[in-house]
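Below, all heavy atoms of this structure are taken into account, side chains as well, without hydrogens, waters or symmetry copies. Keep in mind it's a predicted model, so treat the numbers as computed, not measured.
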Number of protein chains: 2
Amino acid sequence: MKENKKIPPATVKRLPLYLQCLDLVGDDEIGISSSKLAELAKVNDAQVRRDLSYLGTLGTRGVGYDISTLRNQLQLELGLVEGWSAVIVGIGNLGSALAHYGGFREKGFGIVGLFDDDPKKINSQVAGLVIKPLSDLEKYCEKFNVAIGIIATPGEYAQGVADQLIGCGVRSILNFAPVLLKNVPDVQIRSVDLSQELQILSYYLDRPVLKAVD
Amino acid sequence: MKENKKIPPATVKRLPLYLQCLDLVGDDEIGISSSKLAELAKVNDAQVRRDLSYLGTLGTRGVGYDISTLRNQLQLELGLVEGWSAVIVGIGNLGSALAHYGGFREKGFGIVGLFDDDPKKINSQVAGLVIKPLSDLEKYCEKFNVAIGIIATPGEYAQGVADQLIGCGVRSILNFAPVLLKNVPDVQIRSVDLSQELQILSYYLDRPVLKAVD
DNA sequence: GAGTGTGAAAACATTCACAGCT
DNA sequence: AGCTGTGAATGTTTTCACACTC
């Protein structure tokens, strides 16, 4: 396991953003200043410097940050160089969208299996992978040492799928089903609830003056 | 416009969660205590009381909160009773998933139009709506007074679509494309980046001891 | 001169703990 | 007795501002 120097959660949430911003600067650019990066990421420049300082002393005073060093360090810190394997469970429209989404592979994640219990879907192909029944999950998790489970099922199946994933040794779950999953010790669960995002937006719709967070 | 008593952003983010939790309690229950709600929402009970106190004095000391009053107040505060209209642009797998997603309507949003510029998709139906070309966007926005634009296009089209939506008077955008949209004054933009969520998970994957935020 | 790294200040968010109401 | 609403305490995050390095 990696050394546990603590990076504040608020900073962790911004690291992928910085990584994305680095891809936006021209290939000819070799360095970047905190203020330029701040402008791209739409945050304060002191914020950028504070955040990056948690990764070590990466910058050069009077000069800025070397882009490729910075990118490497961000990838390292986020664990994107470990090549984590992931499976997607629930291959409806959302699951298919996720399976096709190139951003995962590009960022170092490998989608190694698609699962669904609908007989009409089993054995059909999506994004070059054959859809398997959930009974094959354990076999896959062992074979590919699956670290991440992505849940894209309807709400009513999500908790059962989560339990199964955890039973197979998966320690990280990204949940798109609109339900609250039970907490389990040592298992990280992140939920993205599409309708909640819209509700937050709705609050600010009436109040154009206020600024949302995030 | 609604009165602008300020609710802290961190609280606004939890209001939809409380609303969801209220649906979890039995229909026979008439009231709920902050500690019960806290348990369901997995937050501290003082947090619940503080959050709800921003909506006014809703509880009864010694008793708790009346569920239906609380639900009404949450919906009111979030602007879910205004019946905001939304359009979805980009009807690939993700856009289709969003179009089918029942949670939007249930929460008071009306999806009034689907748009895509792929000739193969135009005029076909998804979730009971006919897909229209982007050139029809302005007409729809006027006709239905569209408040929210949901972007589910590939990244390269997202900024153009956002510009068009804003040009049509849309003041709120929920963006699923993995790009950073330009900020525009008085336009609220929320981005959900699927790969960023996965990267945050990845950070904590190596560090089972640490707790993520959110 | 330009731009980082970081103490110190300010702002924001969470939690404790209890007075006060039912 | 039970549970809310909220001052006060604590913890976290952001921002300022400047000493320091290249």
Side-chain angles (χ1 to χ4, degrees), chain A residues 5-18 21-22 25 29-71 73-74 77 200 203-204 210-214, chain B residues 5-15 17-18 21-22 25 29-70 73-74 77 200 203-204 210-214:
Chain A
K5 58 176 166 182
K6 191 193 98 312
I7 297 187
T11 294
V12 172
K13 284 183 67 173
R14 280 187 295 268
L15 297 184
L17 174 61
Y18 296 146
C21 290
L22 289 184
V25 307
E29 298 291 330
I30 192 153
I32 190 168
S33 67
S34 61
S35 55
K36 184 75 192 339
L37 188 46
E39 187 197 324
L40 293 171
K42 304 197 198 75
V43 299
N44 181 289
D45 62 324
Q47 179 91 265
V48 170
R49 292 198 297 280
R50 173 85 56 196
D51 285 342
L52 298 184
S53 76
Y54 290 116
L55 312 190
T57 302
L58 296 174
T60 309
R61 290 172 193 237
V63 179
Y65 300 88
D66 177 72
I67 291 179
S68 81
T69 307
L70 187 48
R71 184 182 281 118
Q73 204 52 230
L74 285 166
E77 199 60 52
I200 295 168
Y203 174 86
Y204 291 102
L210 301 185
K211 280 285 293 182
V213 84
D214 244 3
Chain B
K5 55 175 168 179
K6 191 194 99 310
I7 297 187
T11 293
V12 172
K13 285 183 67 174
R14 279 186 297 268
L15 297 184
L17 174 61
Y18 297 145
C21 290
L22 290 184
V25 307
E29 299 290 331
I30 192 155
I32 190 168
S33 67
S34 61
S35 54
K36 184 74 191 345
L37 188 47
E39 187 197 324
L40 293 172
K42 303 197 197 79
V43 299
N44 180 289
D45 63 323
Q47 178 91 265
V48 170
R49 293 197 297 280
R50 172 90 55 200
D51 284 344
L52 297 185
S53 76
Y54 290 117
L55 312 190
T57 302
L58 295 175
T60 311
R61 289 173 194 237
V63 179
Y65 300 87
D66 177 73
I67 291 179
S68 83
T69 308
L70 187 50
Q73 204 51 229
L74 285 167
E77 199 59 53
I200 295 168
Y203 174 85
Y204 291 102
L210 301 185
K211 281 285 293 182
V213 85
D214 243 2

Per-nucleotide protein contact string for nucleotides 14-21 of chain D, where B marks a base within reach and S marks sugar-phosphate only (heavy atoms under 4.0 Å, - for neither)
SBBB-BBB
Taken to the nearest 0.5 Å, the spacing of B/Ile200 CD1 from A/Arg14 CZ works out to 10.5 Å
Taken to the nearest 0.5 Å, the spacing of A/Glu29 CD from A/Lys36 NZ works out to 6.5 Å
With the threshold set at under 4.0 Å for non-hydrogen atoms, list the residues of residues 34-42 of chain A touching DNA chain C in residue-number order.
A/Ser34
Measure from NZ on B/Lys6 to P on C/dA11 and round the result to the nearest Å.
13 Å
For B/Ser35, side-chain contact (heavy atoms from CB on, under 4.5 Å) partners two or more places apart:
B/Ser33, B/Asp45
Just verifying a value: how many Å separate A/Leu37 CG and A/Leu52 CG, rounded to the nearest 0.5 Å?
6.5 Å
If only side-chain N and O atoms of A/Tyr65 are considered, is one of them under 4.0 Å from the OP1 or OP2 phosphate oxygen of D/dC22?
no
Is the closest side-chain donor-acceptor distance between A/Ser53 and A/Asp51 under 3.5 Å?
no
Would you mind reading off the distance between A/Ile32 atom CD1 and C/dA2 atom C1', rounded to a whole angstrom?
15 Å
Return the value, rounded to whole Å, for the distance between atom CD1 of A/Ile67 and atom C1' of C/dT4.
16 Å
Is the shortest heavy-atom distance from the side chain of B/Arg49 to the side chain of B/Tyr65 under 4.5 Å?
yes
Could you tell me whether B/Leu52 contacts a base, only the sugar-phosphate backbone, or nothing, with contacts defined as non-hydrogen atoms closer than 4.0 Å?
nothing
Side-chain contact test, heavy atoms from C-beta onward, threshold under 4.5 Å: evaluate it for B/Thr11 versus B/Pro8 and give yes or no.
yes
Looking only at side-chain atoms of B/Thr60, point me to the closest of D/dT6, D/dT13, C/dT22.
C/dT22
Rounded interatomic separation in angstrom, taking CG from A/Leu55 and P from C/dT6:
12 Å
Supply the atom-to-atom distance A/Ser34 OG to A/Arg50 CZ, rounded to the nearest 0.5 angstrom.
12.5 Å
